[in-house]
Amino acid sequence: MKPPRFRYFAPTSVDEAVELLSTHADAAKVLAGGQSLVPMLNLRLARPEVLVDINRIESLSYLRVEDGHLAVGALARHRMVEKAPEVAARVPVLQEAVRHVGHVQIRNRGTVTGSIVHADPSAEMPAVLALLDGSVRVVGPSGTRDIPWQELFLTYFTTTLGPDELAVETRFPLPPAGAGWSFMEVARRHGDFALVAVAALVTADETGRVKEARLSLAGVGGTPVRPERAEALLAGQALEDDVLAAVADAVREAIEPESDIHASAEYRRHVAGVLAGRALRAAMERARRGGEG
Amino acid sequence: MALPIEPRPAQPGRVLGRVVRRKEDPRLITGTGSYVDDLRLPGMLHMAVVRSPHAHARITGIDTGRARSMPGVRAVITGEEVKDLCGPMPVGWSLQGLKAPVKYPLALDRVRHVGEAVAVVVAESPAAAADGAEAVQVGYEPLPAVTDPEAAMQDGSPLVWDDVPNNIAARFPLSGGDIEDAFRKADRVVKLRLVNQRLVPVPMEPRGVVAQAHPISGELTLWSSTQIPHILHALLPGLLNVPETRVRIVAPDVGGGFGCKLNLYAEEILAGALSLKLGRPVKWIERRSEHFMATIHGRDQINHVEAAVSGDGRILGIRARIIADIGAYHQLLTPAIPTFTPFMMSGVYAIPALDVEVIEVFTNKTPTDAYRGAGRPEATYLLERLVDTVARELGLDPVEVRRRNFIKADQFPYNTVSGLTYDSGDYEGALNKLLEKIDYEGFRRQQQEARQQGRLLGIGFSTYVEICGLAPSRIWGALGAGIGGWESATVRISPAGRVTVVTGTSPHGQGHQTSWSQIVAETLGVNYEDVEVLHGDTAVAPHGLDTYGSRSAAVGGTAVYMASVKLREKARRIAAHVLEATVDDVEFQVVDGQGRFHVKGAPQRHVTLAQVAAAAFTAHNLPDDVEPGMEATVFYDPTNFTYPFGAHACIVEVDPEDGRVKILRYVAVDDCGNVINPQLVEGQVHGGLAQGIAQALYEGVVYDEQGQLLTASLTDYAVPTAADLPSFETDRTVTPSPTNPLGVKGVGEAGTIGSTPCVVNAVIDALAHLGVRHIDMPLRPSRVWAAIQQAKASGGGQPA
């Protein structure tokens with residue numbers, strides 16, 4: 001085996017898993033889809049003493065629309081979300097975004113909730129969670145709580161989830177009826193993490209002006225970013241060139257991207273503005289058609 | 001020199017020249033192939049390698065105590081013991097004045113690149129070996145590293161080897177014609193500085209080795225994921241102090257090589273040495289992250305080039321300084337590869353003068369060596385970028401400039417200014433066929449219209465020639481090779497009439513079981529299905545020089561063909577005896593797919609090949625001067641190289657706002673001489689194009705200034721997938737090689753060689769009117785965007 005030694009537990013209930021987590025706390029890691037954790041184990045970059053494999057908690061493998069939310073259980077694979085008719089019908093922006101996650105083989109194993117609590121800021125799922133003002137439901141020794149996305153992400157690969165808490169569900173509020181949407185990404189290769197990704201959600205009034213617009217960005221800093229000033233600039237506006245130019249500037253101001261071997265910070269900042277404009281146009285186009293795909 | 005055997009015609013035969021089902025596929029696509037890692041031998045131990053985390057450091061001490069005491073660990077070897085186990089790593093090429101510092105499979109007292117092997121641990125399981133390797137404590141005192149070859153050549157640079165001044169391993173000059181005269185006559189001088197970036201080969205199967213020494217006899221069998229079992233057989237016994245008659249090397253199914261398995265690696269030597277020492281089999285399988293740092297890299301040249309050009313676009317001469325970053329030490333052919341570039345630098349053009357100096361420079365990086373194309377892609381990139389730049393600076397069309405400089409079809413054999421003799425070619429013919437497919441004028445109109453709308457379209461061309469059929473042994477030796485260039489083949493017919501071919505080539509994806517079967521089936525008149533091809537095992541195929549440099553068809557295939565003919569001639573003599581006719585009166589013919597011999601003018605008086613084979617084995621009625629048995633062996637040494645060529649075009653759209661490059665069309669017309677199997681050729685071209693496009697747009701090794709490798713996984717090293725590539729449009733012209741009787745040239749590397757400059761030329765064509773003259777590869781979006789921004793800022797460019 002390539003990974004360092006670890007103790008392995010495979011609980012069959014949430015209570016059992018939470019008990020294991022509270023016993024082992026920081027020494028433990030939760031294994032769900034394993035698409036990030038297992039490579040890190042094999043490269044010996046992660047060295048948990050204990051693995052809590054939740055794949056046998058069958059009750060966590062679900063998707064349902066309830067109380068104005070799409071609730072995605074912690075064992076719902078990316079592929080399940082991608083293929084679900086209710087996602088296509090009710091949260092199409094999530095379906096579009098999930099297609100950008102890795103390749104089919106990765107999506108067959110990886111989970112949406114796992115991707116979110118892994119908190120890679122270049123990943124697509126956290127950006128969609130932010131776009132929809134979603135939250136993650138966690139269970140700990142003292143009970144269940146929902147962590148809104150704003151309180152969840154701290155910085156690169158870091159969340160406010162306690163070491164004794166298990167994320168059991170991701171909750172995506174359904175977009176308003178008739179909202180247009182778009183998800184756009186620049187990546188080195190098909191299936192790579194985003195250099196920059198932008199998700200947009202737009203509702204339009206009868207005259208074709210923006211009622212409400214939301215933008216969410218990945219790959220532009222330590223967490224997903226909602227550029228509030230850019231969103232505010234859009235309210236009541238038609239998507240004319242000068243408006244979009246001002247929005248692009250506001251987007252670029254709202255982010256602190258870093259340079260790496262794939263792209264400079266300058267490039268990411270620029271492209272964030274470009275993609276924001278394109279995503280808004282595409283979302284508005286859909287909004288005008290009544291929010292249909 | 002006259003060929004001993006008449007050339008085969010160019011048109012397809014019954015089997016030869018046609019698409020047949022690949023014999024390799026059923027086992028490979030059903031997961032029943034046998035790779036090195038599939039080997040599980042009783043009592044097998046597992047080896048793990050402790051590698052340097054530093055680019056350059058002195059080893060202050062190694063504590064193996066904890067590792068040795070761990071459960072399952074059987075041995076730990078460091079640089080202190082390595083000299084007792086084996087000799088230093090051989091360098092298989094010599095150059096005048098070459099500095100070749102002594103390098104053992106483990107670092108002795110200093111490490112010189114990230115990933116250099118420092119110690120090995122052998123244990124009862126892979127996990128125990130990995131845990132043991134982690135427990136080896138190595139003390140390092142970091143030294144300043146040098147990663148930029150131009151800086152490495154400066155006085156005062158850190159030295160990779162203390163006794164190699166300015167880190168210069170070799171200088172290799174090559175010139176021909178009167179270069180001073182060319183520049184005197186020039187109307188214009190066009191200059192470029194090009195970086196041909198460092199690449200990682202990344203075959204699907206990483207390297208791996210299993211060594212099994214017999215504890216009593218000391219015989220050693222070594223299975224390796226290698227392209228060169230025979231060359232390993234020539235090298236390893238001496239290094240391990242075992243008679244070569246007691247060493248057997250096996251290359252089982254090998255999942256790709258691209259040149260990186262044309263080498264002798266530390267792990268192969270160490271696994272062999274440790275198996276001999278411990279008397280148990282030892283296995284080592286390369287991890288993907290090890291591949292990025294411990295398997296050779298490719299390319300890595302900086303080219304300073306200038307062309308003397310006449311006003312009408314004729315290239316009168318090229319002067320170039322090639323700085324090759326060869327990494328920390330020599331692997332098997334490290335010194336050779338950069339020297340192939342100047343030989344091919346006049347390409348498809350009649351360039352009268354050339355003056356090149358190659359400078360090979362040590363740096364604190366993984367050694368470079370052969371990678372698909374090995375020196376020729378670098379030459380083609382340099383030349384094809386140069387020709388496009390000449391056209392642009394003179395305001396001429398790049399197609400027209402190529403035409404004006406081409407070697408003409410009636411000039412073959414053509415002696416190049418670099419001293420080679422091109423066998424055959426029709427470069428303009430390939431270009432014309434290409435142009436028929438792309439509607440060039442229509443594209444130029446479309447490009448203008450697109451620019452009015454702010455869209456950036458570009459077209460790039462690449463017309464290339466490369467060198468294959470390695471190699472005439474005398475020339476190979478004169479160039480510096482430590483080995484010959486011939487190939488061997490044995491063809492035998494069993495008493496029941498089935499055919500076995502033993503080849504000295506060592507396929508690792510090329511499909512020799514298929515193509516050699518086609519040659520033999522055609523020549524002997526037997527069923528394609530009734531031919532077995534054996535390869536890659538020195539106990540079965542004792543003589544050969546393996547597979548690399550697109551040599552196998554032209555040299556190995558020819559040997560197979562000649563052995564078939566030789567065997568057929570023996571059969572004819574037996575047939576004549578049986579038919580009571582003179583040999584000259586007996587003819588060979590294939591009737592209903594079956595080879596048979598008949599008396600001239602009396603086809604009813606015949607015997608089949610199978611009947612002759614049976615007669616040869618019963619030996620009841622053979623001529624006095626004919627030995628029993630049906631077997632023929634040929635060693636074929638070619639008289640010249642072969643020179644495949646082609647013309648490629650690429651159409652791209654560049655997004656002006658995010659710098660993304662999208663390939664809209666890629667059209668390749670290649671000429672590899674006669675074709676043994678069109679499908680295999682197509683496969684080679686597709687894979688080659690993918691790899692060449694990968695260099696242009698995606699791949700590139702990145703080290704930081706301290707020599708840390710930043711692209712050490714497939715996450716960061718961007719090998720493209722099918723989803724990132726266009727659908728290729730391919731076609732051929734056929735210009736047979738007069739060098740061998742099959743008329744074949746080779747096609748293993750052509751796609752890679754032609755495509756890289758083609759894509760870059762297309763991107764520059766899309767951006768040139770903005771003032772962009774050149775962008776170094778890979779043309780990732782951020783670089784393309786930055787080049788556009790820079791051109792805009794400096795106010796360059798012309799109106800659309």
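A note on names: the letters A, B, ... follow the listed sequences, proteins ahead of strands, and every chain is numbered from 1.
- With a 4.5 angstrom heavy-atom cutoff, Glu134(B) touches chain A only via side-chain atoms.
- For chain A, no part of Ser713(B) is nearby; none of its heavy atoms comes within less than 4.5 Å.
- Only the side chain of Val271(A) comes within less than 4.5 Å of a heavy atom of chain B; its backbone N, CA, C and O stay farther away.
- Between the side chain of Arg268(A) and the backbone N or O of Ser782(B), no donor-acceptor pair lies under 3.5 Å.
- Classification of Arg188(A) and Asp724(B) as a salt-bridged pair fails, no side-chain N sitting under 4.0 Å from a carboxylate O.
- Within a 6.0 Å radius of CZ in Arg229(A), other residues, nucleotides and ligands contribute more than 12 heavy atoms.
- Here Tyr703(B) contributes atom OH and Ile261(A) contributes atom CD1; the two are 12.5 Å apart, rounded to the nearest 0.5 Å.
- Side-chain contact check for Asp658(B) and His270(A): no donor-acceptor pair (N or O, by modelled atom type) lies under 3.5 Å.
- In Arg47(A), the CZ atom is crowded: over 12 heavy atoms of neighbouring residues, nucleotides or ligands sit closer than 6.0 Å.
- In this structure, OG in Ser289(B) is found 11.0 Å from CZ in Arg44(A), a value given to the nearest 0.5 Å.
- Expressed to the nearest 0.5 Å, how far CZ of Arg780(B) lies from OG of Ser264(A) amounts to 10.0 Å.
- The heavy-atom pair separating Leu275(A) from Arg660(B) by the smallest distance is CD2-NH2, 4.5 Å.
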Report task. Walk me through it: do His262(A) and Asp716(B) pass the test side-chain contact (heavy atoms from CB on, under 4.5 Å)? Result -> CA-CA 8 Å; His262(A) 302 296; Asp716(B) 289 318; 3.1 Å; yes
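- Between Glu266(A) and Gln789(B) there is no side-chain heavy-atom pair separated by less than 4.5 Å.
- Residue Leu725(B) does not touch chain A at all, counting heavy-atom pairs closer than 4.5 Å.
- In terms of non-hydrogen atom pairs under 4.5 Å with chain A, the most contact-rich of Pro781(B), Ala723(B), Pro720(B), Ala786(B) is Pro781(B).
- Taking every heavy atom of both residues into account, Arg189(A) and Thr715(B) meet most closely at NH2-O, 3.3 Å.
- At a 4.5 Å heavy-atom cutoff, Arg288(B) makes no contact with chain A through either its backbone or its side chain.
- There is no contact between Asp704(B) and chain A, counting heavy-atom distances below 4.5 Å.
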